[in-house]
Amino acid sequence: MDYRLVSSVIFTEPQLARVGLTEKLAKIEKIPYLAASHPFRDHGKSMIMEALDGFVKLVAEPTTGEITGRNLPRSVGWRIDS
């Protein structure tokens with residue numbers, strides 16, 4: 001299955017969005033991966049909007065660096081598709 005095409009959104013507080021492979025699924029399926037996350041608290045748009053909670057997590061193929069998944073728990077006030 002091509003996990004890069006799987007997406008989901010949960011409109012709760014905080015909002016949750018995911019597209020592609022998750023770190024948890026990569027572990028379960030024994031798919032090699034690299035994962036990295038970055039908090040929103042030092043991101044310019046987050047500071048301007050005073051929405052400092054949340055982070056982005058990327059999952060990538062370890063040899064090519066191709067991003068295979070993106071996970072975003074966000075505070076209300078963000079557009080989940082931005």
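The CG atom of L34 sits 10.0 Å away from atom CD of E23, with the distance rounded to the nearest 0.5 Å. Distance check, rounded to the nearest 0.5 Å: CG of L25 to NZ of K27 gives 12.0 Å.
The two atoms that bring G65 and A60 nearest to each other are O-CB, 3.9 Å, heavy atoms only.
Y33 and E61 share no side-chain donor-acceptor pair at under 3.5 Å.
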- Message: Run the side-chain contact (heavy atoms from CB on, under 4.5 Å) test on T22 and N71 for me, step by step, so that the C-alpha distance in whole Å, both residues' side-chain angles and the decisive distance to 0.1 Å come before the verdict.
- Response: CA-CA 7 Å; T22 64; N71 302 282; 3.7 Å; yes

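At least one side-chain heavy atom of V56 sits under 4.5 Å from a side-chain heavy atom of R70. Annotation: side chain of I31 is in contact with side chain of L21 (closest heavy-atom distance under 4.5 Å).
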